[in-house]
Structures are given as C-alpha cells and as structure tokens.
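To start, the structure itself, in structure tokens.
Because only heavy atoms are used, hydrogens play no part in the values below, and waters and symmetry mates are left out as well, while side chains stay in.
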Amino acid sequence: MSLNNLAIDLSTHHNQLGVLSDLNQAIKLGHDILLLHPQGHPLRPTSLDNLRACLSARYNWLGVLDDLNEAITLGCEALLLCPPEHPLRLASLNNLGLHLSTQYKLCNEPDNLDEAITLGHEAFLLCPPEHPLRLASLNNLGLHLSTRYNLLGEHCDLDKAIKLGRKALSLCLLGRPLQPSSLHSLASRLRA
C-alpha cells in the first residue's frame, strides 16, 4: 500500500506544483503496482484507475497520444472489473467517456464518440440526483452529444444536450457549486 500512497502523493505534488518528474515517477510506480495487483486482486480496479489518472494528466500536460491511448486501455480494463454496484464504476464511466471523446477529436473516429455517449448515458442513469458526480455526468453527456451534433447535425442530439445543460444549471441553482463550464456549455448549445 505504501507504493500506492507514494504514487498518489507524487501525482498530487505534480498537480499542485507542476513538477513533471513527479508525475513520471508516479506513472512508473503505477506500472509497478499493477504487477503487484494482477488480475483478480481486489485492488486492481483502483490501481488501474490511479495509473489511468496519471497518464491522463501527463497527456494533458504534454499532449502525447500514447499516454491517452494507454489511459483508455486502462480505463476499459478498470470498467470491466467494476460491476454496476462498484464504487469506482461511475467515475470510470465518466473518465473513459471523456478520454474517448478526446480521442475522437484527435483522430476523427466517430465510433469513439458513440462509445463516449453510451458510457455517458450509463453514468447519467447510474447517478442519483443527490450524487456529487451528477453535475459532471450531466455536463459530460451533454458535451458528447453536442460534439456529435456538430459532426452529424442531428437536432435530437442538440436538443438532448440543451436539456442536460438545463438540468446541470438547475443543480447549480439548488445549492451545488456553480461550475462556469456548466454555464458556458449551456450557452454554447443554445447558440448552435
């Protein structure tokens, strides 16, 4: 467990101070941890997700497509290990959907966008109204649908995206912290 804690601390240090060597070391430790948590180990889903998060952060930092591709591979494996009642399933659905949507934008593979929408829809259905990830689930699914509207011009996608954006805004009005991205996303969809 101490390897995992060190990897998390290094990743946190990178997130706060932007020290790339910390993130690289966290990724190396994450790979080592996966060797210690083989298939069937109860901590494998968490280990996969932690490494996925580090690779995603490095992709966001450096833009190396291999990091995004590995994050997607790890996210897929983590999702397979997380049945509907698993505490990591909702976050896994949201994260993998975001990664696939990003990959679509880079590689122009519509199947990735369709899969992102499928995952986003499952996350939305899995997320009860009072859940702290409800706002993120609404925003993510709306973003994916809006992206597909821009690709295909299907008004039903835009209508659904606007409806989700309004639901997200209503959550903010009910006392959830206001996310500027929620307002921006809704405004962009209404302009379309």
Side-chain angles (χ1 to χ4, degrees), residues 4-5 7-9 11-12 14-16 26 30 42-61 67-68 70-105 112-149 157 159-189:
N4 190 50
N5 292 340
I8 290 170
D9 289 344
S11 177
T12 301
H14 167 265
N15 291 341
Q16 292 178 350
L43 292 178
R44 186 158 179 89
T46 302
S47 301
L48 287 163
D49 190 60
N50 289 342
L51 179 55
R52 179 216 49 82
C54 290
L55 287 161
S56 175
R58 190 167 71 182
Y59 166 76
N60 290 333
W61 187 264
D67 286 337
L68 178 62
E70 187 176 353
I72 290 170
T73 299
L74 294 170
C76 288
E77 185 181 345
L79 190 59
L80 289 174
L81 297 175
C82 295
E85 67 280 356
H86 195 284
L88 281 179
R89 184 158 183 92
L90 180 57
S92 294
L93 288 164
N94 275 318
N95 290 326
L96 183 54
L98 287 171
H99 296 328
L100 287 167
S101 181
T102 300
Q103 190 179 54
Y104 158 73
K105 290 173 187 169
N112 288 343
L113 184 57
D114 291 338
E115 182 65 15
I117 291 169
T118 299
L119 295 170
H121 190 257
E122 184 181 342
F124 171 71
L125 293 176
L126 211 88
C127 195
E130 67 283 352
H131 196 283
L133 289 179
R134 178 78 168 186
L135 183 59
S137 295
L138 289 166
N139 277 331
N140 292 345
L141 180 54
L143 173 71
H144 305 325
L145 288 164
S146 182
T147 301
R148 189 168 70 182
Y149 166 75
D157 285 337
D159 292 341
K160 289 175 190 173
I162 290 170
K163 185 176 180 180
L164 292 166
R166 287 183 171 143
K167 282 184 182 180
L169 183 58
S170 72
L171 286 179
C172 295
L173 297 175
L174 291 173
R176 300 255 175 111
L178 185 60
Q179 302 280 336
S181 62
S182 299
L183 289 174
H184 177 73
S185 294
L186 178 57
S188 296
R189 292 173 200 150

Problem - Residue pair His99, Arg52: steps toward the side chain to side chain contact (heavy atoms under 4.5 Å, CB included) verdict - result: CA-CA 10 Å; His99 296 328; Arg52 179 216 49 82; 3.0 Å; yes

Handout entry: Residues Phe124, Asn140; criterion side chain to side chain contact (heavy atoms under 4.5 Å, CB included); working and verdict
Key = CA-CA 9 Å; Phe124 171 71; Asn140 292 345; over 6 Å; no

Practice task
Take Arg44 and Leu48, measure what side chain to side chain contact (heavy atoms under 4.5 Å, CB included) needs, and give me the verdict at the end.
Solution key: CA-CA 6 Å; Arg44 186 158 179 89; Leu48 287 163; 3.8 Å; yes

Exercise for the section: Could you check Ser47 against Asn4 for side-chain hydrogen bond (donor to acceptor under 3.5 Å, both in side chains), going step by step and ending with a plain yes or no? Expected result: CA-CA 8 Å; Ser47 301; Asn4 190 50; 5.1 Å; no

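Of the inter-residue distances, the one linking Leu79 atom CG with Leu119 atom CG reads 6.5 Å to the nearest 0.5 angstrom. In this structure, the separation between CD1 on Ile72 and CD on Glu77 is 14.5 Å, given to the nearest 0.5 Å. Within the model, atoms CG of Asn60 and CG of Leu68 stand 8.5 Å from one another, a figure rounded to the nearest 0.5 Å. To the nearest 0.5 Å, the span separating CG on Asn15 from CD1 on Ile8 amounts to 11.5 Å. Considering OG of Ser146 and CG of Leu164, their distance stands at 10.5 Å, rounded to 0.5 Å. Distance check: Glu70 CD to Leu55 CG gives 4.5 Å after rounding to the nearest 0.5 Å.
Between Gln16 and Thr12 there is a side-chain heavy-atom pair separated by less than 4.5 Å. The side-chain heavy atoms of Leu80 and Cys76, taken from C-beta on, include no pair separated by under 4.5 Å. Proximity of Leu113 to Leu100: side-chain heavy atoms (C-beta onward) are nowhere separated by under 4.5 Å. Contact of the Lys163 side chain with the Lys167 side chain is registered, since non-hydrogen atoms from C-beta on lie closer than 4.5 Å. The shortest distance between side-chain heavy atoms of Ser101 and Asn112 does not fall below 4.5 Å.
For the residue pair Ser137/Asn94, the side-chain donor-acceptor check at 3.5 Å is satisfied. A donor-acceptor pair shorter than 3.5 Å cannot be found between the side chains of Arg58 and His14.
In plain terms, the two heavy atoms of Leu145 and Ala161 that are nearest each other are CB-CB, 4.1 Å. The two residues Ser56 and Ala71 have their closest heavy-atom pair at N-CB, 4.3 Å.
Considering Leu90, Thr46, Asp49, Leu88 in turn, Leu88 is the only one that fulfils the side-chain contact (heavy atoms from CB on, under 4.5 Å) rule with Cys82.
Between the side chain of Thr102 and the backbone N or O of Leu98 there is at least one donor-acceptor pair closer than 3.5 Å. Counting only distance, with no hydrogens or angles, the side chain of Arg134 and the backbone of Cys127 share a donor-acceptor pair below 3.5 Å.
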